[in-house]
2 protein chains.
Amino acid sequence: MTYLSIRSQLLKGVLDGCILAIIEKYEVYGYELSKKLEQAGLAVSEGTIYPVLLRLQKNGFIVGEMRASDSGPDRKYYFITEKGKEALKEIRKEWKVLSSSIETILGSDET
Amino acid sequence: MTYLSIRSQLLKGVLDGCILAIIEKYEVYGYELSKKLEQAGLAVSEGTIYPVLLRLQKNGFIVGEMRASDSGPDRKYYFITEKGKEALKEIRKEWKVLSSSIETILGSDET
DNA sequence: TTATCTACCTTGCATTACAAAGTATCTATT
DNA sequence: AATAGATACTTTGTAATGCAAGGTAGATAA
């Protein structure tokens, strides 16, 4: 082990926010979400995404709804709730504070 | 529970990098480190810091050396190794990539 | 029929931040 | 000298989470 995937550790805590942000913006289902994340440079496995969706749902941040598809299995679309919007706002705030502190400490100021 | 400290999750993975970065720059001991992190807006408990130091040491990223103090208990000073510098470089790179992706997705573009 | 893509879910593991409690040294106060 | 408090390090147990791996199942193309 290389010291074990820095990336997967970095992800913790932000991933929920990212998924919430996408759901807030688009009407998506899980599988589609994973593609969108991939496009945005944040590829995460399904074994990661689905548990997050369940968690967000359990916390009342999103709601899911099964819908038929004309070309494949049913899809579960997700929508953000008021509570979810507030949580997202909180996460964005936390992210700003933390990321600026980290930026200062890591000092990646190579212009 | 509020959904459980977003912060503590966000920290995961970056903390090692932050601690490495400080050790690279300054000659510090554990207790002092916790103060420096606090100043930089990244307060973490001792129960967090010391295990990280042990981990970094076990991975050969830093080395520790006990030294006497003229005003209190002995202190364990840490120094970064070549391997540690490389790891830090890697972490900085990961951070740049990830944080920019996250920035895009979270979209905190309130100018 | 078989294979492939889509789409969802679950189990088990490793990692890690943290609270809490413990040990020990030195300094200041009573 | 005895007590309290700050300094300084360590360990234990808990909760959370990313992920690989495996599983189920519908639709479509070969």
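In this text, all values refer to a predicted model and were calculated from it rather than measured experimentally. So that the names make sense, note that chain A is the first sequence line, chain B the second, and so on, each numbered from 1.
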Whole Å only: how far is the [atom1] atom of [X] from the [atom2] atom of [N]?
| X | N | atom1 | atom2 | value |
| --- | --- | --- | --- | --- |
| A:Glu65 | C:dC8 | CD | C1' | 16 Å |
| A:Leu10 | D:dT17 | CG | P | 16 Å |
| B:Asp74 | C:dC26 | CG | P | 7 Å |
| A:Ile49 | D:dT17 | CD1 | C1' | 14 Å |
| B:Met66 | D:dT7 | CE | C1' | 13 Å |
| B:Gln9 | D:dT14 | CD | P | 18 Å |
| A:Asn59 | D:dA16 | CG | P | 10 Å |
| A:Ile102 | C:dA17 | CD1 | P | 11 Å |

Under 3.5 Å for both pairing distances: what stems, at least three Watson-Crick or G-U pairs long, include DNA chain D?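 For DNA chain D the paired stretches long enough to count as stems (3 pairs minimum) are C:1-30 with D:1-30.
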Please determine whether a side-chain nitrogen or oxygen atom of A:Arg55 lies at a distance below 4.0 Å from atom OP1 or OP2 of D:dG18.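 Affirmative; the distance criterion is met.
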Side chain proximity check, A:Gln57 to A:Lys76, heavy atoms < 4.5 angstrom: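 In contact.
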Donor on one side chain, acceptor on other, A:Ser45 and A:Thr48, under 3.5 Å: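 Distance-only check passes for A:Ser45 and A:Thr48.
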Give the residues of residues 24-38 of chain B touching DNA chain C, defined as any heavy atom closer than 4.0 Å, sorted by residue number.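 Here the set is empty: none.
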Does B:Tyr26, at its OH atom, have more than 12 non-hydrogen atoms belonging to other residues, nucleotides or ligands within less than 6.0 Å?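 Check fails, neighbour count at 12 or below.
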Salt bridge (Lys or Arg N to Asp or Glu O under 4.0 Å) evaluation trace for B:Glu24 with B:Arg92: CA-CA 13 Å; B:Glu24 188 192 38; B:Arg92 281 202 241 251; 3.0 Å; yes
If you measure from [atom1] on [X] to [atom2] on [Y], what distance do you get to the nearest 0.5 Å?
| X | Y | atom1 | atom2 | result |
| --- | --- | --- | --- | --- |
| A:Leu20 | A:Ile80 | CG | CD1 | 5.0 Å |
| A:Ile102 | B:Trp95 | CD1 | CH2 | 4.0 Å |
| B:Thr104 | A:Leu42 | OG1 | CG | 10.0 Å |
| B:Asp74 | B:Glu65 | CG | CD | 11.5 Å |

For A:Lys12, answer base if it contacts any base atom (sugar-phosphate contacts may also be present), sugar-phosphate if it contacts only those atoms, and nothing otherwise; contact means non-hydrogen atoms under 4.0 Å.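 Answer is base: heavy atoms of A:Lys12 come under 4.0 Å of a base.
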Categorize B:Leu54 for me: base, sugar-phosphate, or nothing, with a 4.0 angstrom heavy-atom threshold over every strand shown.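 Counting heavy atoms under 4.0 Å across all strands, the contact made by B:Leu54 is with sugar-phosphate only.
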Grab the N/O contacts between the protein and nucleotides 18-22 of chain C below 3.5 Å, and write none if there aren't any.
residue: C:dC18; atom: OP1; partner: B:Arg7; partner atom: NH2; Å: 3.4
residue: C:dC18; atom: OP2; partner: B:Thr48; partner atom: OG1; Å: 3.1

Looking at [options], which one has an atom nearest to any side-chain atom of [X]?
| X | options | value |
| --- | --- | --- |
| A:Pro73 | C:dC8, C:dT6, D:dA16 | C:dT6 |
| B:Tyr50 | D:dT10, C:dA17, D:dG26 | D:dT10 |
| B:Tyr78 | D:dT10, C:dC9, D:dT17 | D:dT10 |

Test side chain to side chain contact (heavy atoms under 4.5 Å, CB included) applied to A:Ile19 and A:Val44, A:Val28, A:Leu56, A:Val14, the passing residue: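 Of all the options given, the one that passes is A:Leu56.
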Please determine whether residues B:Phe79 and B:Leu88 belong to a single hydrophobic cluster, defined as Ile, Leu, Val, Met, Phe, Trp and Tyr linked transitively by side-chain heavy-atom distances below 4.5 Å.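 Both belong to a single hydrophobic cluster.
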Name the residue closer to the 5' end of DNA chain C, choosing between A:Arg75 and B:Gly72 according to the nucleotide with the nearest heavy atom.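 Of the two residues, A:Arg75 wins.
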May I ask you to decide if A:Gly60's main-chain N or O and A:Thr81's side chain share a donor-acceptor pair within less than 3.5 Å?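 Pair found, side chain donor or acceptor close to backbone of A:Gly60.
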Report the C-alpha separation of B:Lys83 and B:Glu86 in whole Å, then their side-chain angles, then the decisive distance to 0.1 Å, and conclude whether the salt bridge (Lys or Arg N to Asp or Glu O under 4.0 Å) test is met. CA-CA 5 Å; B:Lys83 202 177 163 199; B:Glu86 275 169 41; over 6 Å; no
